[in-house]
Amino acid sequence: MTKKASTPALRFKGFTYTWKQRKLSDQFSDFIVPMRDKPKKFGGNIPWTRIEDIEGKYLNGSLSGQFVSKDTIKQMNLKIIPKDSLIVSSSATFGVVAIITQDLITNQTFIGLVPNDKETLDFWYTFFHSNEARNYMRLQSAGSTIFYIAREHFEKMPIIIPFKDEMITIGKYFSNLDRLITLHQRKYDKLTNMKKSMLEKMFPNNGANVPEIRFKGFTDAWEQRKLKEVVNVYDGVHQTPDYKDSGVMFLSVENISILKSEKYISEEAFQKDYKVYPQKGDVLMTRIGDVGTPNVVETTEKVAFYVSLALLKPTKINSYFLCNSIQSPLFQKGLKDRTLVTAIPQKINKDEIGKVNIILPASSQEQQLIGEYFRNLDRLITLHQRELEKLKNLKKACLEKMFV
């Protein structure tokens, strides 16, 4: 058996001493097992907290608005988890951890961990996201029909930890990383919600022929067309191709978000099977499994595509206007009405796509302005999404290398 390391692979400058093996009970003064029964009476000022109330690192109340009085707590012989403690999921749901910022009681999903030293709370919050802690909890729960860890398994959890000063340094590092992740997550969520709202307001709905919001200077009514009147619709190859290590990139439904793939077909196969293929400015849209997710082709390179995607070649419509019009509620409803939802997987036939109604302004300038607005919004969404993924990957790597 390989001997377990006594120092992590990655450390901050100035820390060189060996980490020490302990039990979790050496670091926490109490392990509070929660109530098994829901309070018979609500009313008071002590929050009764459930899994649904966890929204991030800190927990400071009850989102459900349910509170319990001290008298009820006394009658039911419950223990209050004091503020500046951790709650860790011990049953039903795996991996939920939070720092509580006021006294509370919880349901049976959690166990309360009261630390000996509040200055190390950030370290312990991060520790319970590490592979070491999670693997231990999974192991202790093995054999159960549902996830469950008893109090004694928390108390006996073997840990290898540094002295307090290094704990605090590690905790602060991950705390700052968590703040950045939360910041980009909020910006990403705000932008995606904004896009959803603008798709509802910048495209007509409910039988209207003008949108709720328009760019200044445009007043003419929009016109309804069949999609096939403004685009030509094609589908890709129906057979699974003979993949190669290089050649012409091959796209399928799972590649729609970035239109990039690590699958390729030979130039010979491409020439044989693709008389029509995606070119810059065309729109690809999912039509099997996931139906109705579009993206504009930006590359000038040759691209091959599978039958799960539909190729829309604009003839009388702006590409970026088309892409976002497809995402509007009215167009999505039109697609759904023609989708074979009982098929496995669900799909829309190629010929049915062209029959979907689309409503658009006659002015190519208005189309362009709307398309550019959403194109810029998508760039911001992608920017924060990529930054969020980068930070999450950094945190994952550090969790693997900064704990023993």
Side-chain angles (χ1 to χ4, degrees), residues 191-235 251 253 256-259 278-288 290-298 305 308-339 347-382:
L191 287 166
T192 52
N193 288 334
M194 179 181 175
K195 179 176 179 179
K196 180 181 177 183
S197 175
M198 297 309 284
L199 284 169
E200 294 172 353
K201 294 178 179 180
M202 292 184 72
F203 292 90
N205 279 306
N206 301 322
N209 60 6
V210 292
E212 182 180 338
I213 295 177
R214 299 182 82 171
F215 286 99
K216 189 176 180 179
F218 298 100
T219 57
D220 292 341
W222 287 27
E223 302 170 348
Q224 183 170 288
R225 297 280 186 270
K226 296 293 184 185
L227 185 63
K228 63 184 177 182
E229 296 178 47
V230 293
V231 305
N232 292 323
V233 184
Y234 306 90
D235 63 359
L251 300 175
V253 65
I256 193 65
S257 62
I258 58 174
L259 295 186
Q279 295 174 294
K280 186 173 182 179
D282 291 343
V283 172
L284 285 168
M285 185 191 81
T286 57
R287 73 177 194 87
I288 298 177
D290 169 42
V291 176
T293 300
N295 205 345
V296 179
V297 177
E298 300 279 4
F305 68 110
S308 56
L309 296 174
L311 172 61
L312 311 180
K313 284 188 168 288
T315 56
K316 300 176 183 178
I317 190 170
N318 177 274
S319 299
Y320 295 97
F321 175 88
L322 168 63
C323 184
N324 288 283
S325 182
I326 290 170
Q327 298 171 67
S328 70
L330 184 65
F331 196 94
Q332 286 288 310
K333 182 180 183 304
L335 279 175
K336 185 176 180 180
D337 290 343
R338 295 181 178 276
T339 295
K347 65 178 181 179
I348 183 169
N349 291 328
K350 178 182 76 71
D351 292 340
E352 290 297 307
I353 295 172
K355 297 175 185 177
V356 177
N357 290 327
I358 184 170
I359 187 166
L360 68 163
S363 168
S364 59
Q365 185 182 2
E366 187 174 8
Q367 288 186 34
Q368 183 178 354
L369 286 171
I370 294 170
E372 281 301 309
Y373 170 82
F374 282 102
R375 187 182 185 188
N376 290 330
L377 192 55
D378 284 336
R379 283 174 179 155
L380 284 174
I381 290 171
T382 300

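Throughout, residue positions are numbered sequentially from 1 according to the sequence presented. Computed over heavy atoms, backbone and side chain alike; hydrogens, waters and symmetry mates excluded.
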Ignoring hydrogens, what is the shortest heavy-atom contact between [X] and [Y]? Give both atom names and the distance.
{"X": "C323", "Y": "P294", "result": "O-CG, 3.2 Å"}
{"X": "V291", "Y": "I288", "result": "CG2-N, 4.4 Å"}
{"X": "M202", "Y": "W222", "result": "O-CH2, 3.4 Å"}
{"X": "Q332", "Y": "G292", "result": "NE2-O, 3.0 Å"}
{"X": "S325", "Y": "I359", "result": "OG-O, 4.4 Å"}
{"X": "L322", "Y": "L227", "result": "CD1-CD1, 3.9 Å"}

To the nearest 0.5 angstrom, please state how far the [atom1] atom of [X] sits from the [atom2] atom of [Y].
{"X": "D290", "Y": "K347", "atom1": "CG", "atom2": "NZ", "value": "15.5 Å"}
{"X": "L191", "Y": "K196", "atom1": "CG", "atom2": "NZ", "value": "15.0 Å"}
{"X": "I353", "Y": "K228", "atom1": "CD1", "atom2": "NZ", "value": "12.5 Å"}
{"X": "E372", "Y": "F215", "atom1": "CD", "atom2": "CZ", "value": "9.5 Å"}
{"X": "R214", "Y": "L369", "atom1": "CZ", "atom2": "CG", "value": "11.5 Å"}
{"X": "I317", "Y": "I358", "atom1": "CD1", "atom2": "CD1", "value": "3.5 Å"}

### Task
Go through the steps to decide whether V297 and Q279 satisfy the test side-chain contact (heavy atoms from CB on, under 4.5 Å), and finish with yes or no.
CA-CA 6 Å; V297 177; Q279 295 174 294; over 6 Å; no
### Task
Could you check whether the rings of F321 and F203 sit parallel, tilted or perpendicular, using 30° and 60° as the cut-offs?
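Ring orientation of F321 relative to F203: tilted.
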### Message
Counting neighbours of NZ on K316 that are heavy atoms of other residues, nucleotides or ligands and sit closer than 6.0 Å, is the number greater than 12?
### Response
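Not buried by this count: 12 neighbours or fewer within 6.0 Å.
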### Query
Does a sphere of radius 6.0 Å around CD in Q368 hold more than 12 heavy atoms from other residues, nucleotides or ligands, not counting ones at 6.0 Å or beyond?
no
With distance as the sole test, does [X] use its side chain to make a donor-acceptor pair with the main-chain N or O of [Y] at under 3.5 Å?
{"X": "Q367", "Y": "N318", "result": "yes"}
{"X": "D235", "Y": "L309", "result": "no"}
{"X": "R287", "Y": "I348", "result": "yes"}
{"X": "S319", "Y": "D282", "result": "no"}

Do the side chains of [Y] and [X] get nearer than 4.5 Å, heavy atoms only?
{"X": "D378", "Y": "N324", "value": "yes"}
{"X": "Y320", "Y": "I370", "value": "no"}
{"X": "I326", "Y": "L312", "value": "yes"}
{"X": "I381", "Y": "M194", "value": "no"}
{"X": "N357", "Y": "R225", "value": "no"}
{"X": "N295", "Y": "L284", "value": "no"}
{"X": "F218", "Y": "S363", "value": "yes"}
{"X": "L377", "Y": "Y373", "value": "yes"}

### Task
Using a strict 4.0 Å threshold on nitrogen-to-oxygen distance, state whether K350 and E352 make a salt bridge.
no
### Message
Between the side chains of K226 and E229, is the shortest nitrogen-to-carboxylate-oxygen separation below 4.0 Å, so that they form an ion pair?
### Response
no
### Between Q327 and K195: side-chain donor-acceptor atoms closer than 3.5 Å
yes
### Query
Where do D337 and K333 land on the salt bridge (Lys or Arg N to Asp or Glu O under 4.0 Å) test, with the steps shown first?
CA-CA 6 Å; D337 290 343; K333 182 180 183 304; 3.1 Å; yes
### Ring centres under 6.0 angstrom apart (F305, Y234)
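That pair fails the under 6.0 Å test.
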